[in-house]
Amino acid sequence: MQSLVSHRQVERALEKLETAFGRPRRGRRFDPLDELILTILSQHTNDQNRDRAYASLRRRFPRWEQVLRARPAGVEEAIRVGGLARTKSRVIREVLRAVRRDHGRLDLSVLRRLPVEDAKAYLLGLKGVGEKTACCVLLFACGRPAFPVDTHIHRVARRLGWVPARSTPAKTHAILARLIPERRYFTAHVNLITLGRRVCRARAPACRRCPLRRDCRYARAARRAGRLDGLGARPTLY
């Protein structure tokens, strides 16, 4: 899959984002299983509701074994604030059952020792776990080189011209994992999300405030057309 931009162009853009937004610090680090459940809860909701759902789940069920023993309705109620409670409850319980079956206990610390591709393959083999979720677990909980692409990064990468305008999330994952240096994965992930949330919004993007506007395909098209639409944002499911 051929890249539309060079590694050096991407590095320069990432440097501009660091100038604009700084170098984010790594905050709390969950263990891999906790991070996996947290990321499942993050799907189709915002960070605040994700964190509220996770805190509610842990208050009601301090140990993951209790989630497996609980009635499904009780788990759903605990995570309702995060949305899609029935679906997420089912996925969480299926994941916990699979982990206990595969490892004899509810623990995924083995992911820190496995080769990265093997660790990712294991996570992707869990029902309901996709590429973004697997990469989040590896990057944030394990400190492994994996680059998660969420809906903001997918939109930004398409608008910048780093990936084709009609790129799928899977293709965007593959392209960005090669384009972005591994040493920059964490900082690039956080800063690209910040760009997508603050500036490169799905609707009414603030192109004039964007630190990357001079090299952006979307901004160039908008300037030529005399407007700020152009490449629209498609809903992305993870």
Side-chain angles (χ1 to χ4, degrees), residues 1-7 9-11 13-14 17 32 35-47 50 83-84 87-88 90-92 94-95 98 108 111 114-197 200-202 212 216-218 230-238:
M1 198 180 305
Q2 189 173 6
S3 301
L4 303 181
V5 293
S6 69
H7 288 84
Q9 286 174 297
V10 170
E11 288 239 41
L14 296 177
L17 291 182
E35 184 71 38
L36 177 55
I37 303 303
L38 179 75
T39 309
I40 290 169
L41 290 171
S42 76
Q43 296 168 359
H44 306 289
T45 193
N46 58 42
D47 290 354
R50 172 204 65 191
L84 298 177
T87 299
K88 292 177 183 179
R90 184 176 65 250
V91 170
I92 288 169
E94 288 178 353
V95 162
L108 281 178
L111 298 179
L114 288 174
V116 174
E117 290 307 314
D118 291 348
K120 182 188 284 189
Y122 177 78
L123 289 167
L124 292 176
L126 298 172
K127 189 173 181 180
V129 175
E131 183 83 11
K132 188 202 83 167
T133 298
C135 288
C136 281
V137 173
L138 294 174
L139 179 66
F140 294 114
C142 303
R144 311 299 299 276
F147 189 78
V149 172
D150 78 338
T151 188
H152 297 291
I153 295 176
H154 183 48
R155 178 176 68 251
V156 167
R158 290 169 53 235
R159 285 178 171 175
L160 286 171
W162 291 3
V163 301
R166 296 189 177 276
S167 178
T168 64
K171 289 180 179 177
T172 300
H173 267 103
I175 293 171
L176 294 188
R178 291 198 307 271
L179 272 179
I180 296 172
E182 290 183 1
R183 71 182 188 282
R184 290 186 180 270
Y185 274 179
F186 175 78
T187 299
H189 174 81
V190 175
N191 282 345
L192 285 168
I193 288 177
T194 300
L195 182 70
R197 287 176 174 168
C200 194
R201 300 180 294 260
L212 306 183
C216 176
R217 179 176 63 186
Y218 180 101
L231 297 174
R234 296 182 298 170
T236 303
L237 303 181
Y238 292 94

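Values reported hereafter were calculated over all heavy atoms of this structure, with side chains retained and with hydrogens, waters and symmetry mates removed.
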Check: Leu138 and Leu123 side chains under 4.5 Å, non-hydrogen atoms: yes

Donor-acceptor pair, side chain of Arg217 and main chain of Arg158, under 3.5 angstrom: yes

Nearest atoms (heavy-atom pairs only) where Arg50 meets Ser42: CD-CB, 3.3 Å

Side-chain donor or acceptor of Tyr185 paired with backbone N/O of Ala177 under 3.5 Å: yes

Minimum side-chain heavy-atom gap Leu17-Leu192 below 4.5 Å: yes

Any side-chain heavy-atom pair of Val149 and Pro169 under 4.5 Å: no

CG-CG distance between Leu36 and Leu41, expressed to the nearest 0.5 angstrom: 9.5 Å

CA sep, side-chain torsions, deciding dist, call: Glu11, Arg183, salt bridge (charged side-chain N to carboxylate O under 4.0 Å, His left out): CA-CA 11 Å; Glu11 288 239 41; Arg183 71 182 188 282; 3.1 Å; yes

Check: Leu38 and Phe140 side chains under 4.5 Å, non-hydrogen atoms: no

Heavy-atom closest contact (Val129 atom, Ala134 atom, distance): CG1-N, 4.1 Å

SG on Cys135 to NZ on Lys120, rounded to 0.5 Å: 4.0 Å

Nearest-0.5 Å distance that lies between atom CZ in Arg197 and atom CG in Asp150: 7.0 Å

Atom of Glu94, atom of Lys127 and distance for their closest heavy-atom approach: OE1-CD, 3.3 Å

Closest approach of Ala188 to Leu14 (non-hydrogen atoms, all atoms of both residues): CB-CD2, 3.8 Å

Side chain to side chain, Arg159 and Cys200, heavy atoms closer than 4.5 Å: yes

Closest contact, heavy atoms only, Pro148 versus Leu139: CD-CD2, 3.6 Å

Backbone of Arg178 reached by a side-chain donor or acceptor of His7 within 3.5 Å: yes

Gap separating the OG1 atom of Thr172 from the CG atom of Leu179, nearest 0.5 angstrom: 10.5 Å

Thr133 and Thr39 side chains, donor-acceptor separation under 3.5 Å: no

Spatial distance of atom CG (Leu176) from atom CH2 (Trp162) [nearest 0.5 Å]: 7.0 Å

Atom of Arg201, atom of Arg155 and distance for their closest heavy-atom approach: C-NE, 3.6 Å

Residue pair Leu124 / Glu131, side-chain heavy-atom distance below 4.5 Å: yes

Value rounded to 0.5 Å, distance of NE2 in His189 from NZ in Lys132: 8.0 Å

